[in-house]
Amino acid sequence: MSRALSEQEQLRRESLQKLREIGVNPYPAYLFPVDASSSSIKENYVEGKEVVIAGRLMSRRIMGKASFAELQDAEGKIQLYLNRDELCPGEDKSTYNEVFKKLLDIGDFIGIEGKQFKTQVGEISVDVNKLTVLSKALRPLPIVKTDADGKVYDAFADPEQRYRQRYVDLVVNPKVKDTFIKRSRIINAMRDFFNQQDYLEVETPILQPIPGGAAARPFITHHNALNTQLYLRIANELYLKRLIVGGFNGVYEFAKDFRNEGMDRTHNPEFTVLEIYVAYKDYNWMMEFTEQLLEDVTSKVLGSSEVKFQGEVINFKAPFARVPILDAIKTHTGVDVALLSENQLREKCKELQIEVDDTMGKAKLIDELFGEKCEMHYKQPTFITDYPVEMSPLCKKHRENPELTERFELLVNGKELANAYTELNDPIDQLERFQEQLKLSEKGDDEAMFIDQDFIRALEYGMPPTSGMGIGIDRLVMFLTNNTSIQEVLFFPQMRPEKKAVELSESEKTIFELLKQENSIELPILKEKSGLSNKQWDKGIKGLSKHSVVKVEKEDDKLMVKII
RNA sequence: GACUUGCUAGCUCAGCUGGUAGAGCACAUCCCUUUUAAGGAUGGGGUCCAGGGUUCGAACCCCUGGCAAGUCACCA
């Protein structure tokens with residue numbers, strides 16, 4: 001069953017047909033020899049120079065025998081001037097009168113040849129002397145207009161439509177395109193930074209038999225040939241460390257991770273993370289490395305280490321502040337965790353109106369305390385360091401205090417942007433930590449880590465002292481493009497599927513069943529038989545006609561209903 | 001998962017106390033040779049998210065469901 005077409009869609013299909021009838025192929029297969037672009041023309045304007053450009057027709061201002069139009073290519077828009085007698089110098093004016101004025105629509109791809117010139121108002125334009133149809137658009141684009149002051153009218157702004165039909169969003173909202181261009185540049189700048197130091201970009205499995213390296217619920221899938229359960233990775237940490245065991249000096253991966261958890265404006269089920277591991281380094285070195293990386297990336301991509309984000313100015317100029325987590329808690333709550341037992345700490349948390357329960361250990365309490373009372377204070381990039389050992393099962397114990405670890409998180413605008421460790425390379429300690437996690441999992445924590453025996457085996461062969469760091473790329477891009485929603489920095493954020501094909505409603509089914517017995521029946525009799533109320537009958541019979549399932553016909557003054 | 005808000009023409013949105021569904025842009029026909037949110041005249045276009053209920057009558061009231069956004073909860 002085909003979709004009902006709107007009036008505008010029907011007209012465009014008719015235009016498509018007419019183009020073919022007059023010998024114009026609406027979808028030609030040939031290469032179109034573009035030699036300029038909207039931006040190259042504006043940047044290197046030469047009066048009278050011939051150019052060949054292509055793009056979408058985005059607006060038309062027809063004034064009888066001459067017209068202005070806007071062409072949008074990958075870089076932006078440029079104005080076209082079409083003069084009937086220049087475009088059609090002979091007797092046949094059909095390219096202008098028929099093709100351009102009648103059969104083309106906004107959104108169609110066209111190629112043009114013409115001369116650069118400036119209009120009386122001074123706008124750089126192209127005077128068209130040849131026009132080629134490159135691809136006809138059958139659906140109308142939303143029309144977004146911008147006036148001389150940059151004020152936007154009728155913006156295509158509904159988030160649902162924008163995310164579901166990102167292609168449309170990209171065509172009509174230039175800012176959206178900018179965000180994704182920046183995203184690509186950010187990743188390139190990071191890659192350059194790592195490659196300059198001779199770290200190796202690697203790829204590790206997405207389908208993993210044991211989902212390790214983080215505490216999160218995985219997606220589960222099944223491999224038929226192996227007849228085994230596999231998981232989509234929640235992190236790539238354990239694989240990258242295996243490569244350090246294998247002898248690489250530094251490895252990094254821009255990885256898609258998958259977590260089967262809630263979705264909101266900062267969480268998408270699949271997201272991108274950069275993880276990097278460098279041998280013979282510790283977390284102090286990694287802090288300096290991270291600072292330099294972010295200063296370098298912001299300067300290269302934005303031209304400045306200062307980033308405007310939601311009215312705040314965030315400065316990524318190195319060095320960043322460094323605050324041990326217990327100091328942060330003391331500063332913002334007055335609680336000196338080091339002096340308190342677990343129960344005393346739990347009481348303190350209750351006093352501070354933090355929700356706690358008896359299953360929470362000291363680490364979890366500290367985490368809550370920090371998350372609720374401290375995190376939001378760190379707007380400027382700040383390294384929070386030395387987390388409790390229970391929270392960090394893959395991190396080496398602190399060289400001065402075995403209850404803590406050599407870990408830092410980078411907070412920006414109160415949110416975690418990066419996470420790093422001096423990696424745990426003692427295989428016996430690592431196995432014990434995994435076993436601790438197993439106990440948590442037996443207590444019902446469905447996010448506690450699995451024991452990865454092969455990873456332990458790798459560590460038993462020896463891993464050099466190593467520091468590793470991960471950055472949430474989506475969140476970084478959000479900061480650097482001033483977006484508060486992760487959906488704005490993903491081309492295709494996860495959405496619930498759109499509605500399925502229409503099924504028959506109850507009333508429609510009732511009528512259809514009756515009709516199937518007779519094939520053709522008088523309308524009043526059918527209505528009587530159906531036993532439906534007026535409204536149900538009306539909706540039912542109208543629905544069936546609309547779905548082209550039945551037809552109502554007049555025969556000898558009788559209304560007959562027939563199955564089609 | 002809970003709560004709040006929204007869903008009306010291709011797009012952006014009105015639609016009063018329940019009484020024949022509106023505007024701007026877009027579209028169609030006509031006029032217009034340097035315009036620019038071009039202009040002028042005329043016209044067409046609707047599953048009012050879906051289903052059910054109340055009612056003489058529902059875009060509007062009630063119930064159920066769908067999708068989305070925001071807030072909260074959960075969660076790296």
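Numbered from 1 within each chain, the chains take letters A, B, ... in sequence-line order. These numbers come from the heavy atoms of this one structure, side chains and all, not from hydrogens, waters or symmetry mates.
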Tell me, which pairs form a ring pair (Phe, Tyr, Trp, His ring centres under 6.0 Å) where one or both residues lie in residues 83-107 of chain A, sequence neighbours left out? A/Tyr96-A/Phe100
Partner of B/rU29 by Watson-Crick or G-U wobble geometry, both contacts under 3.5 Å, or none? B/rA41
Scanning all shown strands, the Watson-Crick or wobble mate of B/rC48 with both distances under 3.5 Å is none
Distance in angstrom units between A/Gln8 CD and B/rG43 P, rounded: 19 Å
Would you mind telling me which of B/rU12, B/rC27, B/rA69 lies closest to the side-chain atoms of A/Gln161? B/rU12
Work out how far the C1' atom of B/rC25 is from that of B/rG44, and round it to whole angstrom. 16 Å
Using the C1' atom on both, measure B/rC60 against B/rU36 and round to a whole Å. 41 Å
Pairwise P distance for B/rG70 and B/rC13, with rounding to whole Å: 16 Å
Identify the nucleotide, in any strand shown, that forms a Watson-Crick or G-U wobble pair with B/rU55, with both distances under 3.5 Å; if there is none, say none. none
Starting from P on B/rC11, measure out to CD on A/Gln165 and report it in whole angstrom. 9 Å
Length of the CZ-P vector between A/Arg12 and B/rG44, whole Å: 21 Å
Distance check needed: B/rA9 P versus A/Ile143 CD1, whole Å only. 16 Å
Whether the A/Ser38 and A/Asp73 side chains hold a donor-acceptor pair (N or O, under 3.5 Å, no angle test) is what I'd like checked. yes
Reckon A/Arg13 touches a base, only the sugar-phosphate, or nothing at all at heavy-atom distances under 4.0 Å? nothing
Quick one: what's the B/S/- string for nucleotides 30-41 of chain B, heavy-atom cutoff under 4.0 Å, read 5' to 3'? S-BBBBBBB---
Please determine whether a side-chain nitrogen of the Lys or Arg among A/Lys115 and A/Asp127 lies less than 4.0 Å from a carboxylate oxygen of the Asp or Glu. no
For the C1' atoms, the ones on B/rG22 and on B/rC16, what distance do you get once it is rounded to whole angstrom? 14 Å
Spacing of A/Glu372 atom CD relative to B/rC74 atom C1', expressed in whole Å: 12 Å
Mind checking the C1' distance from B/rU33 to B/rA26? Whole angstroms is fine. 25 Å
Verify the distance criterion only: is there a donor paired with an acceptor across the side chains of A/Glu253 and A/Asn236 at less than 3.5 Å? yes
Figure out the CG/C1' separation between A/Asp264 and B/rA73, and round it to whole Å. 11 Å
Do A/Tyr378 and A/His332 make the cut of ring centroids closer than 6.0 angstrom? yes
Value in whole Å for how far the P atom of B/rG46 lies from CG of A/Leu5: 13 Å
Closer than 4.0 Å, any side-chain N/O of A/Arg162 to the OP1 or OP2 of B/rA68? no
Span that lies between the C1' atom of B/rA68 and that of B/rA28, in whole angstrom: 34 Å
Considering only B/rC27, B/rC67, B/rA73, which nucleotide approaches the side chain of A/Arg164 most closely? B/rC67
Find the partner of B/rG6: check Watson-Crick (N1-N3 plus N6-O4 or O6-N4) and G-U wobble (N1-O2, O6-N3) distances, both under 3.5 Å, and reply none if neither fits. B/rC67
Between B/rG19 and B/rG24 - C1' atom distance, rounded Å: 27 Å
Whole-Å distance between B/rC72 P and A/Met263 CE? 18 Å
Whole-angstrom distance between B/rA23 and B/rG15, as gauged at atom C1': 10 Å
When you check the gap from the basic side-chain N to the acidic O, do A/Lys93 and A/Glu98 get nearer than 4.0 Å? no
What does B/rC72 pair with, Watson-Crick or G-U, if both distances are under 3.5 Å? B/rG1
Any ion pair linking A/Arg407 and A/Glu409 (charged N to carboxylate O, less than 4.0 Å)? yes
Distance-only side-chain donor-acceptor flag, A/Ser6 / A/Glu9, under 3.5 Å: yes
Looking at A/Arg496, I'd like to know whether one of its side-chain N or O atoms comes within less than 4.0 Å of OP1 or OP2 on B/rC67. yes
Assuming nearest nucleotide by heavy-atom distance, tell me which of A/Glu375 and A/Leu141 is located more 5' along RNA chain B. A/Leu141
Cation-pi check, A/Lys151 to A/Tyr153: give yes when NZ or CZ is under 6.0 Å from the six-membered ring centre and within 45° of the ring axis, no otherwise. yes
